[in-house]
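This report refers to the structure that appears directly beneath it.
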Amino acid sequence: MTQTPTWADVLGPEKTKDYFVSTLKFIDAERAHHKCIYPPQEDTFNALRYTPLADVKVVILGQDPYHGPGQAHGLCFSVKAGITPPPSLQNMFQELCHTVPGFSYPQSGDLTPWARQGVLLLNTVLSVEEGKAHSHAHLGWEQFTDRIVEAVDRYQHGVAFLLWGRHAGDKAQRVNPRKHLVLKAAHPSPLSASRGFFGCNHFNLANQYLQSQGKVPISWQL
């Protein structure tokens, strides 16, 4: 069986392209002008750091990082221990409480345990200016995260993609539905959760699919 390449293998060439170099230069210049950019520079690629390509079993796509102080740390929807879970994450926990047997509301909003089990917690845009949601859209991040999704589609099999909201849903065109499970729902934001996120049962459906593929299901309890 062919060995799955690493993120460095598949994204190394991408990082030399003009659009990616320009994206990082823009962010560096913003920081040099004392603008506060989230997540911290060292956390920007945590989704890839915590979940190697060979380990990906589930992909959860967010929009862009949280733009409040101390929240974003490079995993979509996640906040570090001690930070109050934002509304979207609270709604995710509500859905888990209502649909996953035995799940109890967590004390921490840190989703790192999911990432370490093979849940790629990826935003479609990987940086944001403080207090300005989606301020780094169209810098080039979307093209980079397209390549990430395409790599999962190509080099993995039997992955559950949980796509919530329009920005995540747009990535579905990068995924072969005959090779993977693609689930779409409304975004867990309070603005839209009641229009199809609550009751979507994606966490259970993902685990049922993983088991059908002979894979160990995700322990969602934190």
Side-chain angles (χ1 to χ4, degrees), residues 7-8 11-12 14-52 59-93 106-116 119-149 162-171 186-193 197 222:
W7 289 124
L11 297 176
E14 201 70 18
K15 291 182 176 181
T16 67
K17 293 183 178 179
D18 288 345
Y19 85 89
F20 187 85
V21 173
S22 296
T23 297
L24 295 192
K25 281 185 176 178
F26 173 84
I27 294 168
D28 286 344
E30 292 286 273
R31 286 192 164 113
H33 285 89
H34 307 293
K35 290 190 177 179
C36 190
I37 307 299
Y38 299 128
Q41 188 170 6
E42 65 272 16
D43 289 339
T44 303
F45 301 104
N46 273 350
L48 305 179
R49 184 174 297 120
Y50 291 147
T51 312
V59 177
I60 295 178
L61 283 174
Q63 181 172 291
D64 62 338
Y66 295 127
H67 53 81
Q71 294 179 319
H73 68 118
L75 303 177
C76 73
F77 297 109
S78 181
V79 291
K80 290 185 177 180
I83 302 294
T84 301
S88 292
L89 183 54
Q90 292 180 35
N91 286 340
M92 289 166 58
F93 289 160
Q107 297 296 310
S108 170
D110 188 348
L111 305 183
T112 302
W114 293 1
R116 296 199 185 281
V119 182
L120 182 64
L121 295 165
L122 181 69
N123 281 309
T124 60
V125 172
L126 300 187
S127 63
V128 69
E129 184 179 344
E130 182 177 25
K132 297 182 179 180
H134 227 43
S135 51
H136 286 184
H138 312 303
L139 288 185
W141 284 129
E142 292 91 345
Q143 185 173 339
F144 185 66
T145 54
D146 278 350
R147 300 294 89 78
I148 293 172
V149 172
L162 311 187
L163 309 181
W164 303 329
R166 181 174 62 84
H167 291 279
D170 287 346
K171 298 287 193 189
H187 194 276
S189 161
L191 298 174
S192 55
F197 177 76
L222 295 164

Looking at residues at least two apart in the chain, or sitting in another chain, which of them share a side chain to side chain donor-acceptor pair (under 3.5 Å) with [X]?
X: R116; value: none
X: R49; value: N46
X: E30; value: K35
X: W141; value: S127

Are F77 and W114 an aromatic pair by the rule of ring centers under 6.0 Å?
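Judged by ring-centre distance (under 6.0 Å), F77 and W114 do not meet the cut-off.
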If you take all heavy atoms of [X] and [Y], which pair is closest and at what distance?
X: A72; Y: Y38; result: CB-CB, 4.1 Å
X: H134; Y: V128; result: N-CG2, 3.8 Å
X: P39; Y: T44; result: CG-CA, 3.9 Å
X: P188; Y: A193; result: O-CB, 3.5 Å
X: K171; Y: V149; result: O-CG1, 4.2 Å

Between [atom1] on residue [X] and [atom2] on residue [Y], distance to nearest 0.5 Å:
X: T124; Y: D170; atom1: OG1; atom2: CG; result: 9.0 Å
X: C76; Y: L121; atom1: SG; atom2: CG; result: 4.5 Å
X: L122; Y: L48; atom1: CG; atom2: CG; result: 7.0 Å
X: Q90; Y: T84; atom1: CD; atom2: OG1; result: 8.0 Å

With sequence neighbours excluded, residues passing salt bridge (charged side-chain N to carboxylate O under 4.0 Å, His left out) with [X]:
X: E142; answer: none
X: K15; answer: none
X: E130; answer: none
X: D43; answer: K80

How would you list, by chain and number, every residue that makes a side chain to side chain contact (heavy atoms under 4.5 Å, CB included) with S192, sequence neighbours excluded?
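If we apply the side chain to side chain contact (heavy atoms under 4.5 Å, CB included) test to S192, skipping adjacent residues, the hits are A186, H187, S189, R195.
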What I'd like to find out is whether the side chain of [X] reaches to under 4.5 Å of the side chain of [Y], using heavy atoms alone.
X: L61; Y: T145; value: no
X: V119; Y: I60; value: yes
X: L111; Y: L222; value: yes

Please list, chain by chain and in numerical order, all residues satisfying ring-ring contact (aromatic ring centres under 6.0 Å, His included) with F144, sequence neighbours excluded.
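Residues passing ring-ring contact (aromatic ring centres under 6.0 Å, His included) with F144: F20.
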Go through the steps to decide whether Q63 and V125 satisfy the test side-chain contact (heavy atoms from CB on, under 4.5 Å), and finish with yes or no.
CA-CA 6 Å; Q63 181 172 291; V125 172; over 6 Å; no
Return all side-chain donor-acceptor pairs below 3.5 angstrom for residues 22-29, not counting sequence neighbours, or 'none' if the list is empty.
unit_1, atom_1, unit_2, atom_2, d
S22, OG, D18, O, 2.9
T23, OG1, Y19, O, 2.8
T23, OG1, L139, O, 2.9

Does CD in E42 sit with more than 12 non-hydrogen atoms of other residues, nucleotides or ligands closer than 6.0 Å?
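For E42, atom CD is crowded (more than 12 foreign heavy atoms under 6.0 Å).
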Intermediate values then yes/no, side-chain contact (heavy atoms from CB on, under 4.5 Å), L11 and R147:
CA-CA 8 Å; L11 297 176; R147 300 294 89 78; 4.1 Å; yes
Please, which pairs that meet side-chain hydrogen bond (donor to acceptor under 3.5 Å, both in side chains) have at least one residue in residues 65-76, sequence neighbours excluded?
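Found H73-S78.
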